[in-house]
2 protein chains.
Amino acid sequence: MMNKQKHIPNRDVQDVIELIGGRWRGAILASLCDKEKRFNELKRDLGTITPRTLTKELKYLEINKLVIREVDAEGSISVVYSLTKHGMSLEPLIGQIVVWGQKHRKEVLG
Amino acid sequence: MMNKQKHIPNRDVQDVIELIGGRWRGAILASLCDKEKRFNELKRDLGTITPRTLTKELKYLEINKLVIREVDAEGSISVVYSLTKHGMSLEPLIGQIVVWGQKHRKEVLG
DNA sequence: AATAGCGCTATCTTTTTGGATACTACAATA
DNA sequence: TATTGTAGTATCCAAAAAGATAGCGCTATT
């Protein structure tokens with residue numbers, strides 16, 4: 001055995017948690033796992049988020065290649081947000097977060 | 001069908017991410033997945049964390065039942081931090097975070 | 001023409017987070 | 001006895017995150 005190596009590389013944990021962390025990013029991604037959505041649709045979905053924060057977080061996620069912003073300009077203006085391939089690849093992870101939360105929230109989160 | 005329910009309960013995502021989020025909590029938990037550790041051992045492991053922050057985060061994790069703080073006072077003073085059952089149950093999740101990070105960091109995190 | 005909805009932006013303030021730095025009490029070691 | 005290590009605390013401060021509130025240009029509806 002003699003395992004002197006670090007079992008888990010903390011750096012990856014830190015980086016990924018920064019990517020999906022904060023108050024809103026995980027929730028936004030989870031909401032987009034469901035289906036692509038428009039700005040105000042997301043806003044309603046997330047409840048108490050302010051438009052300023054939603055804009056900022058969506059931009060962050062776009063820059064980090066997890067979300068796509070598309071303008072469907074056919075007469076009326078409509079913006080659609082959806083997940084990139086990378087974003088979609090987070091779905092099992094987010095699913096597992098949800099499952100863990102459902103199992104443990106009563107005991108851990110009070 | 002008429003499924004008006006939210007497919008993924010965002011609230012769980014938000015709560016769990018808060019629990020393991022921030023700059024340090026995930027990394028602390030990951031480090032303790034490896035094995036139980038002492039205060040300064042953790043500090044060295046985490047590199048640039050300040051003692052103030054480490055204390056605070058460990059307290060938070062203790063309050064939220066993910067970490068146990070034990071004092072082994074046998075002549076010399078020694079404090080050991082380890083994971084509770086709930087904390088240990090996060091291991092697969094943290095493992096998946098690491099795996100995702102390793103797969104996607106080059107493309108997403110630059 | 002007025003109103004409502006969309007997709008934001010702008011400004012200001014509060015809250016949260018976490019770093020810097022110094023210091024402490026105690027014990028073991030040299 | 002001086003130094004080193006352990007396990008923290010105490011203060012202060014800067015930066016980041018996020019809320020409150022208002023408003024804007026555009027379109028569709030009534």
Side-chain angles (χ1 to χ4, degrees), chain A residues 10-11 13-32 35-64 66-82 109, chain B residues 10-11 13-32 35-64 66-82 109:
Chain A
N10 298 329
R11 205 49 192 287
V13 178
Q14 279 183 302
D15 289 346
V16 176
I17 284 178
E18 195 191 327
L19 204 59
I20 66 169
R23 176 110 100 232
W24 295 111
R25 297 211 266 268
I28 291 169
L29 292 168
S31 178
L32 291 176
K35 58 180 179 66
E36 57 174 40
K37 281 176 187 157
R38 316 233 301 243
F39 186 86
N40 283 326
E41 208 175 348
L42 273 169
K43 193 162 142 13
R44 281 187 297 267
D45 220 40
L46 297 164
T48 58
I49 197 169
T50 61
R52 174 188 177 279
T53 301
L54 183 53
T55 302
K56 245 192 37 181
E57 297 307 304
L58 284 170
K59 238 168 226 162
Y60 175 92
L61 293 171
E62 208 192 338
I63 285 166
N64 287 281
L66 298 178
V67 159
I68 302 163
R69 178 182 182 276
E70 278 168 305
V71 183
D72 284 20
E74 293 267 343
S76 80
I77 292 162
S78 162
V79 179
V80 176
Y81 292 93
S82 57
L109 301 165
Chain B
N10 297 332
R11 204 52 191 285
V13 179
Q14 278 184 302
D15 289 346
V16 175
I17 283 177
E18 196 191 326
L19 205 60
I20 66 171
R23 175 110 103 234
W24 295 111
R25 296 211 266 270
I28 292 170
L29 292 168
S31 178
L32 291 176
K35 58 178 178 68
E36 57 174 40
K37 282 178 186 154
R38 317 235 300 244
F39 185 86
N40 283 327
E41 209 174 349
L42 273 170
K43 191 160 142 14
R44 280 187 296 267
D45 220 40
L46 296 165
T48 58
I49 196 169
T50 61
R52 173 187 176 279
T53 302
L54 183 53
T55 303
K56 245 191 38 179
E57 297 305 306
L58 284 169
K59 238 168 225 162
Y60 175 91
L61 293 171
E62 208 192 339
I63 286 168
N64 289 281
L66 298 178
V67 160
I68 301 163
R69 179 183 182 274
E70 278 169 304
V71 183
D72 285 18
E74 293 267 342
S76 81
I77 292 162
S78 161
V79 180
V80 176
Y81 292 92
S82 57
L109 301 165

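Only heavy atoms go into these numbers, but all of them, side chains included; no hydrogens, no water, no symmetry mates. Worth saying up front: this structure is predicted, and the values here are computed from it rather than measured.
Here the nucleotide nearest the side chain of B:W24, chosen from C:dG7, C:dG19, D:dG8, is C:dG19. With C:dG18, D:dG19, C:dG7 as the candidates, the nucleotide lying closest to the side chain of A:T50 is D:dG19. You'll find that the side chain of B:Y81 is closest to D:dG8, out of C:dG7, C:dG18, D:dG8. The listed nucleotides are D:dG8, C:dG7, D:dG19; the one nearest the side chain of B:R69 is D:dG8. Of all nucleotides listed (D:dA7, D:dG19, D:dA22), D:dA22 comes nearest to the side chain of A:P51.
Atom-to-atom, CD of A:E41 to P of C:dC6 comes out at 9 Å; the value is rounded to the nearest Å. What separates CG of B:D45 from P of D:dA7 is a distance of 14 Å, to the nearest Å. Rounding to whole angstrom units, CD of residue B:E18 and P of D:dA18 are separated by 10 Å. Distance NZ (A:K43) to P (C:dT9): 14 Å, rounded to an integer number of Å. Atom CD1 in B:I49 sits about 14 Å away from atom C1' in C:dA20, given to the nearest Å. Between the C1' atom of C:dC6 and the CG atom of A:L42 lies a distance of 13 Å, rounded to the nearest Å. Atom CZ in B:F39 sits roughly 18 Å away from atom P in C:dA25 (whole-Å rounding). D:dA18 atom P lies 13 Å from atom CG of A:L46, rounded to whole Å.
At least one side-chain nitrogen or oxygen of A:R38 sits closer than 4.0 Å to the OP1 or OP2 atom of C:dG7. The phosphate of C:dC8 has neither OP1 nor OP2 within less than 4.0 Å of any side-chain N or O from A:T55.
Summarising the geometry, atom CD1 belonging to B:I49 is positioned 14.0 Å from atom CZ belonging to B:R44; distances are rounded to the nearest 0.5 Å. Here the CG atom belonging to A:L46 is positioned 6.5 Å from the CG atom belonging to A:L54, to the nearest 0.5 angstrom. In this structure, A:E41 CD and A:D45 CG are separated by 7.5 Å, a value rounded to the nearest 0.5 Å. Distance OG1/B:T50 to CH2/B:W24: 8.5 Å, rounded to 0.5 Å. The structure places NZ of A:K59 at 10.5 Å from NZ of A:K56, a figure rounded to the nearest 0.5 Å.
Across all strands shown, A:R52 has heavy atoms under 4.0 Å from base atoms, whether or not it also approaches the sugar-phosphate. No engagement by B:Y60 is indicated, since no non-hydrogen atom pair under 4.0 Å with the nucleic acid exists. Within 4.0 Å of A:E57, counting heavy atoms only, lie sugar-phosphate atoms of the nucleic acid but no base atom. Counting any heavy atom pair closer than 4.0 Å across all strands shown, A:R25 reaches no nucleic acid atom.
Mapping A:R23 and A:R44 onto DNA chain C by nearest heavy atom places A:R44 at the nucleotide closer to the 5' end. The 5' end of DNA chain D is approached more closely, in terms of each residue's nearest nucleotide, by B:N40 than by the other of B:K59 and B:N40.
In plain terms, the two heavy atoms of B:N10 and A:S31 that are nearest each other are OD1-N, 3.7 Å.
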